[in-house]
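Notes for the one structure printed next.
Here is the naming used below: chain letters follow the sequence lines, and residue numbers restart at 1 for every chain.
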Amino acid sequence: MTLTLNCPNCGAQAVFRSPALPCRVCDYCQSLLVRNDAGVSAVGKAAALPFDVSPVRIGMRGRADGIGFEVVGRVRWAWTDGSWNEWLLLFQDGSYGWLGDAMGLFMLLREEPVARVRAKALRRVIEGGEAVPGVEAQHGGVKYQVSDARDVLCIAAEGELPFTAPPGWRVYSVDLKGPAGECATLQRDRDEATFYTGRYVLLGDLEPSGLRAIEGWGMPAYAS
Amino acid sequence: MGRGTFFYALWCLAVIAGFLAAGIFGYSPFAEGGRAHGGARAGIYGPTHK
Amino acid sequence: MQADAIPPRPQPAVRALNCPSCGSAVTLRAAGYSVTVGCPSCGSILDVNDAAVKLITEYHEMAAGLDIPLGTRGTYDGIEWEVIGHLDRSIYGAWPWEEYLLFNPYYGYRWLVTDGQSWSFGELLTMTPGYLTYDTLCIGDMEFRRFFAEREVQVDRVIGEFYWRVAAGERVASAEWAGPGWMLSRESNANEVSWTLLKLLTPAEMAEFGVSGVPRRPWPPPPHMVSPHRAWLGTGLKVAGAALGFLLLLMVFFAGGRWSDAGWFPVSAGVTGEQTVTIGPLRFDRPYQRVEIRAEVPRLENGWLDLDYSLVNRADQKVYEAYGAAERYNGVDSDGAWSEGSRASQVSMASVPRGEYDLIVEYRGNKWDGGYQQTFDGWMDAGNAPRVGILVRTGGLYGANLIVAAILLLLPLLWGLFRHVRFEQARQGESDFDPTGAAALFRTSEDEED
């Protein structure tokens, strides 16, 4: 399954581990690479990641819902009042999910088909409208509430990704929260909408190994 | 067990010990009589009925 | 050695920057998360969302000393936390309190909140508490009763870094619920509702963060403090029950012996004066005992019989004395017939030592003439054959001692209950809502009007 190609820009090795993840950022020259039938092509350049102290890093392994995963990519998003990481998890069964890493909290999210979204407030967003914080939206038996709705900007990316994430990519993002720690995100750019659902998790519950070592801080007890 | 409970239990034991000691000596501060110490008693008789 | 076997270099933990206002060095301890920094030197608010540091609000104030300097690390519940931010907050300038933001890259953010007396450890909830009743919220089996009604609170001063854009003057609506040891706080603005769970910290836990002198018993108690009297009151009540039960068992087990009939003696009519009988010998076998003497005067009516008892030890002539009287009256008034008193008298002598005794009974019958000079002898008339019977028994425990013991056992409990009620009244006195439980007891009408 793993495909090793060379970056057309700098010639360094670029590993593609899953057909589901056709895009990646070259580890050496930050070129945005897209795999295609002809091989690999560079479609742009990612920005350097700003300094942060996230405990997650590419290569971290863990387990969620009984399935092992490895962190293979990350997109860093920003809005007017902050920024956060979305870590891409490649599961052992070939599927992928996201680990949101914002304000010291972690969210485990999986993509759901947009066609499955029935809630009126969300359909309106998918069709190009706006969402209002506080509005309720039922999905999958969970009564969500819109907690946030704003434009967000991709500022950097690294590793493998299911889509190209060029810096400056603008997305309208709606965050929803359920009563028992459920969360969901609806994102819409000019072309299409994507919908993610999941829940808040503690990093320790993911049985992480290979966490990022941070100077002056002892590894947490949950790190294996 | 908290400190308060401990001290209270001690107090209860002390009270029980006092009660037992009084029992062994057949003593009560409210007994009508005991060892004579002299002195007179006074009494007022008659019904208190009003 | 393979290249990928080399462990990655540890990520540096801090980002250093300079305040654009006063130029002093500012350490960013949660880089990538922090958005706002209040310069610890001059108080200016900086935006660190981007690589370039921007000045948002310029202040030139002296940095006031904080109880916990920024950068201090402390351990709570086995996890190390670094103090990275500090907020002064209040209700429109009144009722101030302080909040310290704690950070650990592996565990995220927590809070230390203090009203100047007590400290709490706060954690943002990712779930919403449920309503148990209109005034009680629950998280799992933890219950919280409403304590502070919703009111607007503001940020007065910002020092250090925060993961959201915060500035002096920022206002949110805040309401609080309190449970034993825990508090629940809801903060909301137009866009967001957030719930924080706060646990009351002990002075020892605060010493971990270098804060000493935290009172063990703050007064008035904080909303989520558990009454220190309640815990021992519960067990104390059980201990008292066990002790009382034991004493009752003793009473039953060591009940007195049988009455022994010491004889019947006539009561002379008229003013014959005192009569004396000597009964004996009486043998008492225990080292010390209670001796009870009972006089029965079956014919007594509208009169009384004085009884002076003397127990004289035959060996050493020591005397034990007691006095008794049997009184019995009856009559008729506007309410009808009445009677009072008893035709018997019972007294006890305490701590009578072992030995052989004579019981000397001096008795004198009297009649009550109801205020009229009556010439007949009443109950003492010879034809009535008045007489007094003397009965003696030894042993048994004093009921009066049991009552004294019970009072002594219950006194500390009553004191504890008093202190518990006082504690609860002081604690709930801070609340915006009516007191419940122990605090609702013993309320004065003045309290009701509040």
Answer with side chain, backbone, both or neither: which region of Gln346(C) has an atom nearer than 4.5 Å to a non-hydrogen atom of chain B? backbone

Ala242(C) versus chain B, the contacting section by heavy-atom distance below 4.5 Å: neither

Backbone N or O of Arg364(C) within a donor-acceptor pair of the Asn366(C) side chain at under 3.5 Å? yes

Test your reading of the model: is there a side-chain donor-acceptor pair from Asn302(C) to the backbone of Trp379(C), 3.5 Å cut-off? no

Go through the steps for Arg343(C) and Glu301(C) under the test salt bridge (charged side-chain N to carboxylate O under 4.0 Å, His left out), then give the verdict. CA-CA 8 Å; Arg343(C) 293 192 183 98; Glu301(C) 202 61 68; 2.4 Å; yes

With only heavy atoms counted, which part of Phe19(B) is less than 4.5 Å from chain C, the side chain, the backbone, both or neither? side chain

Would you check if there is a donor-acceptor pair between the side chains of Asp358(C) and Thr278(C) at a distance under 3.5 Å? no

Backbone N or O of Phe284(C) within a donor-acceptor pair of the Arg354(C) side chain at under 3.5 Å? no

Can you tell me which portion of Leu13(B) sits under 4.5 Å from chain C's heavy atoms? Options are side chain, backbone, both or neither. neither

Side chain, backbone, both or neither: which part of Phe246(C) has a non-hydrogen atom closer than 4.5 Å to chain B? side chain

State the OH-CG distance between Tyr8(B) and Leu233(C), to the nearest 0.5 angstrom. 9.5 Å

State, to 0.1 Å, how close Trp11(B) and Leu409(C) come at their nearest heavy-atom pair, and which atoms those are. NE1-CA, 4.1 Å

Top of Gly18(B), Cys12(B), Ala31(B), Ser28(B) for chain C proximity - count of heavy-atom pairs under 4.5 angstrom: Ser28(B)

Would the distance check show the side chain of Ser351(C) and the main-chain N or O of Phe25(B) forming a donor-acceptor pair, the cut-off being under 3.5 Å? yes

Given heavy-atom pairs under 4.5 angstrom as the criterion, report whether the side chain, backbone, both or neither of Val404(C) touches chain B. side chain

Please flag which part of Leu402(C) lies under 4.5 Å from any non-hydrogen atom of chain B: side chain, backbone, both or neither. both

Please classify the contact between Phe30(B) and chain C as side chain, backbone, both or neither, with a heavy-atom cut-off of under 4.5 Å. side chain

If you tally heavy-atom pairs under 4.5 Å between each of Asn330(C), Asn401(C), Val347(C), Ile293(C) and chain B, the highest tally belongs to Asn401(C)

Tell me, side chain or backbone of Leu408(C) under 4.5 Å from chain B's heavy atoms, or both, or neither? both

Contacting moiety of Leu250(C), where chain B heavy atoms sit under 4.5 Å: side chain

